[in-house]
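Heads up: the structure comes next, in structure tokens.
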Number of protein chains: 2
Amino acid sequence: MKNLKDILEYAGIKPTIERLSILRYLDSKHDHPTAAMIFNEIETKIPTISKTTVYNSLKLFIDNGIVTPLYITGSEVRYDFATKPHHHFFCEKCGKIYDLIIDCPYMKKTKIQGHQIKQRHGYFRGICKNCLEKEEKAQS
Amino acid sequence: MKNLKDILEYAGIKPTIERLSILRYLDSKHDHPTAAMIFNEIETKIPTISKTTVYNSLKLFIDNGIVTPLYITGSEVRYDFATKPHHHFFCEKCGKIYDLIIDCPYMKKTKIQGHQIKQRHGYFRGICKNCLEKEEKAQS
DNA sequence: TTATAAATTTGTAATGAGTTCAAATATGAA
DNA sequence: TTCATATTTGAACTCATTACAAATTTATAA
């Protein structure tokens, strides 16, 4: 089941043009965009789209577990089209967020020390591989 | 070395009344407060303190590795007086952030898949033990 | 001490992500 | 068609955080 329309219907969300378009963007580029980035992209295809619709749709996706909000940068929310649980790496230099597939013993836990777990978030901050290589070149 | 003045001086930060007061608050109550909570608390002791000084001081602490900002709630930054690395649990109901001491194989890593790691963040979301117990009582 | 420079604090204004809300539009059933 | 319901829109608003320049404090040196 990778049909986006089906995914929405299965979640009880009516697949409007706007919603489908937003989900399609999240699915095509897995670059963890901000709401503003999504709005700008969709606007080129649906010029009448409003910022509020983007926020409304994203909220709907989140409430239904289709999309995961990432609170990593501290300045704005990034959105992740959730497939399988995974970790993230945030580059403080270029701002890019990478997916990290690593083995973590806590990704499946539903209870820790008496607290009921609904979501698990693991991420790292630093300088990404790409930016490190650029630095090296600049020095030589 | 648990003397707060020493900690600041060791980090190259001049221990002004304002800065000491903020750090003392973070040290006394480990409740991961927001900047607003800190400001309100300090204001009762230093009525002339300004919001900007709170933000300035926190930024200084963060830049020098004394305090860790937590981007967990999505609406505002929480501040943690960093001692040892640990995980967090955020209760979606009461908003409280708990420290979790759990064994994680990635808390000491300095490099993952070519990326240089500076910070590690692991946190969980859900309903805390306290709120769960309240729910149970309400049902019986 | 006094003068001068540097660091710190303050308060106001600005920024910008995200929300609110009522009006407009589209959809779907009878 | 008619009516009710769901969705979208756009403008106004909220609120955490930042920018910045003036005021104050602290440090330094003559």
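Chain identifiers are assigned alphabetically (A, B, ...) following the order of the sequence lines, protein sequences preceding nucleic acid strands; residue numbering begins at 1 within each chain. The structure presented is a predicted model; accordingly, all values stated were derived computationally and were not measured.
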Contact string for nucleotides 6-17 of chain D, one letter per nucleotide 5' to 3', B = base within protein heavy-atom range under 4.0 Å, S = sugar-phosphate only, - = neither, reads -SSBBB----SB
Distance in angstrom units between Ile22(B) CD1 and dT8(C) C1', rounded: 12 Å
Give every donor-acceptor pair under 3.5 Å between a side-chain atom in residues 89-102 of chain A and any protein atom, sequence neighbours left out.
unit_1	atom_1	unit_2	atom_2	d
Glu92(A)	OE2	Arg125(A)	NH1	3.4
Lys93(A)	NZ	Glu135(A)	OE2	2.5
Asp99(A)	OD1	His32(A)	NE2	2.9
Asp99(A)	OD1	His86(A)	NE2	3.0
Asp99(A)	OD1	His88(A)	NE2	3.3

Length of the line joining Leu20(B):CG and dT8(C):P, which is rounded to integer Å: 13 Å
Tell me every residue that passes side-chain hydrogen bond (donor to acceptor under 3.5 Å, both in side chains) with Asn56(B), counting only those two or more places apart in sequence or in another chain. none
For Met37(A) and dG18(C), what is the distance between atoms CE and P respectively, to the nearest whole Å? 12 Å
In whole Å, I'd like the distance from the NZ atom of Lys59(B) to the P atom of dA7(C). 16 Å
Mind telling me whether His87(A) and Tyr106(B) have parallel, tilted or perpendicular rings, with 30° and 60° as the class edges? tilted
Joint cluster assignment, Ile112(A) & Leu132(B), ILVMFWY side-chain distance < 4.5 Å: no
Correct closest heavy-atom pair for Ile38(B) and Ile22(B) would be CG2-CG2, 4.0 Å
Within one Ile-Leu-Val-Met-Phe-Trp-Tyr cluster: Tyr55(A) and Ile46(A), side-chain cutoff 4.5 Å: yes
